[in-house]
Structure formats: C-alpha cells, structure tokens
Amino acid sequence: QVQLVESGGGSVQAGGSLRLSCADSGRTLSTYAMGWFRQAPGKEREFVAATSWNGGRSSYADSVKGRFTISRDNAKNTLYLQMNSLRPEDTAVYYCAAVPGPSPSDHDRDYPYWGQGTQVTVSS
C-alpha cells in the first residue's frame with residue numbers, strides 16, 4: 001500500500017518561495033510516475049505538475065510554468081515541488097499523487113494513490 005505524506009506547506013507573502021515534499025517511507029516510489037495537484041476553496045482540484053518515474057519527463061499547468069519545478073530523488077523516495085514567485089492565486093491545498101508505471105498524467109482520475117494534502121497560503 002502506497003502511503004504518501006506531503007510536507008513543506010505554509011504561509012508566505014506574494015513573491016516568496018516554498019518547497020513541498022512528498023514521501024513514502026514504506027516503499028520505493030521509483031516505479032511510480034507522480035504528480036502534484038491543488039484545490040482552492042470552492043474550486044475543483046486542478047493539475048499542477050507531473051513527472052515520469054525517473055524524472056526524465058515533466059509537464060506543467062500553464063499557470064505555473066516558469067515558476068514551479070517538479071523533481072524527484074528516487075534514492076530518498078521523495079518528490080518535490082519548488083514554488084517560486086508565488087501569487088495569492090496559488091493559495092490552495094496541495095496534494096501529491098502516484099500512479100504505477102513510467103508515464104505521468106495530467107488527469108487526477110489516473111492516480112490511485114494520494115497524500116493527505118498540505119496547505120499553501122500566499123498573502124498579497
């Protein structure tokens with residue numbers, strides 16, 4: 001059973017940075033493609049970024065391109081999301097997700113495993 005735990009959320013002013021982490025202490029994540037999604041209050045969950053199982057391929061939502069970077073360290077069983085130039089509209093609960101196999105997806109329905117989420121709040 002994959003058990004993902006996110007960390008690194010918090011409150012920051014606009015223009016600031018945060019780095020989110022997602023780990024599973026119980027198993028290797030190197031055989032899973034992984035993604036980050038977010039959900040703001042009153043809105044549907046949306047895609048943020050995704051990466052293949054070896055980190056060789058990544059994709060981003062247009063709203064975060066050039067500001068966010070997804071990466072992974074399979075030796076540490078950890079997925080990261082570096083978020084720079086944060087904006088108030090980035091405020092949301094951020095979730096990491098995992099899908100078996102090499103290929104990432106932009107669609108939340110493709111991911112069977114989810115973390116509990118971490119809150120990111122950006123003030124203006």
Side-chain angles (χ1 to χ4, degrees):
Q1 182 76 16
V2 175
Q3 293 183 321
L4 303 174
V5 178
E6 300 98 335
S7 61
S11 297
V12 64
Q13 290 191 328
S17 298
L18 285 173
R19 188 175 80 157
L20 306 183
S21 299
C22 171
D24 183 333
S25 60
R27 70 169 54 228
T28 179
L29 295 176
S30 62
T31 58
Y32 294 79
M34 300 191 72
W36 288 99
F37 293 79
R38 68 186 181 186
Q39 188 167 21
K43 295 187 176 181
E44 293 188 353
R45 187 165 56 191
E46 65 175 0
F47 169 72
V48 175
T51 188
S52 58
W53 62 3
N54 64 357
R57 281 185 293 143
S58 297
S59 60
Y60 296 90
D62 288 343
S63 59
V64 307
K65 279 181 183 176
R67 301 188 298 122
F68 291 11
T69 303
I70 188 171
S71 63
R72 64 192 300 164
D73 185 340
N74 285 341
K76 295 182 179 179
N77 290 332
T78 303
L79 175 75
Y80 302 101
L81 184 68
Q82 178 66 43
M83 305 186 294
N84 299 329
S85 302
L86 282 161
R87 304 167 180 168
E89 54 264 38
D90 295 318
T91 295
V93 177
Y94 284 70
Y95 299 89
C96 68
V99 54
S103 301
S105 171
D106 299 354
H107 303 292
D108 58 359
R109 64 178 180 269
D110 293 330
Y111 291 84
Y113 304 110
W114 291 83
Q116 83 289 349
T118 186
Q119 177 70 47
V120 171
T121 303
V122 184
S123 58
S124 57

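Residue numbers count from 1 along this sequence. Side chains included, hydrogens not; waters and symmetry mates left out as well; all remaining heavy atoms used. Since this is a predicted model, take the numbers as computed values, not measurements.
- Rounded to the nearest 0.5 angstrom, Ser71 OG and Arg19 CZ are separated by 7.0 Å.
- The shortest heavy-atom contact between Ala14 and Ser124 is CB-CA, 4.3 Å.
- The two atoms that bring Thr69 and Tyr60 nearest to each other are CA-OH, 3.4 Å, heavy atoms only.
- One distance of note links CD of Glu44 with CD of Gln39; it measures 8.0 Å at 0.5 Å rounding.
- A single hydrophobic cluster is seen to contain both Phe47 and Val99, as judged by linkage of ILVMFWY side chains at heavy-atom distances under 4.5 Å, directly or through other members.
- Between Tyr111 and the choices Tyr95, Phe37, Trp36, the ring-ring contact (aromatic ring centres under 6.0 Å, His included) rule is met once, by Phe37.
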If you apply the rule side-chain contact (heavy atoms from CB on, under 4.5 Å), what do you find for Val120 with Leu20, and how did you get there? CA-CA 9 Å; Val120 171; Leu20 306 183; 4.0 Å; yes

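- In terms of heavy-atom proximity, Val93 sits nearest to Gly117 at CG1-CA, 3.8 Å.
- We find the CH2-SG distance between Trp114 and Cys22 to be 10.5 Å, quoted to the nearest 0.5 Å.
- Val48 and Leu18 fall within the same hydrophobic cluster, where Ile, Leu, Val, Met, Phe, Trp and Tyr residues are linked whenever their side-chain heavy atoms come under 4.5 Å apart, directly or through other members.
- No single ILVMFWY cluster, assembled from side-chain heavy atoms under 4.5 Å apart, contains both Val64 and Tyr80.
- By the rule that hydrophobic residues join a cluster once side-chain heavy atoms approach within less than 4.5 Å of another member, Tyr94 and Val12 end up as members of one cluster.
- With values rounded to the nearest 0.5 angstrom, Ser21 atom OG is found 9.5 Å from Gln82 atom CD.
- Closest non-hydrogen pair, Ala98 versus Pro112, comes out as O-CD, 3.2 Å.
- Once rounded to the nearest 0.5 Å, the distance linking CG of Leu86 with OG of Ser17 reads 6.0 Å.
- Classification of Asp90 and Arg87 as a salt-bridged pair fails, no side-chain N sitting under 4.0 Å from a carboxylate O.
- Here the side chains of Pro104 and Thr51 are not in contact, with every heavy-atom distance at 4.5 Å or above.
- Heavy-atom minimum distance, Ala92 versus Ala40: CB-N, 3.8 Å.
- Ser52 contributes a side-chain N or O that, together with a main-chain N or O of Arg57, makes up a donor-acceptor pair within less than 3.5 Å.
- Under the salt bridge (charged side-chain N to carboxylate O under 4.0 Å, His left out) test applied with Arg38, the options Glu46, Glu89, Glu6 reduce to a single match, Glu46.
- Counting heavy atoms from C-beta on, the side chains of Trp53 and Leu29 never come closer than 4.5 Å.
- Between Leu79 atom CG and Ile70 atom CD1 the span is 4.5 Å, to the nearest 0.5 Å.
- Judged by distance alone, with hydrogens and angles left aside, the side-chain atoms of Asp24 form a donor-acceptor pair with the main-chain N or O of Gln3 at under 3.5 Å.
- Contact annotation: the side chain of Asp106 approaches that of Ser59 to within less than 4.5 Å [non-hydrogen atoms, C-beta and beyond].
- In the hydrophobic clustering of ILVMFWY residues, with side-chain heavy atoms under 4.5 Å counting as a link, Leu81 and Tyr113 come out together.
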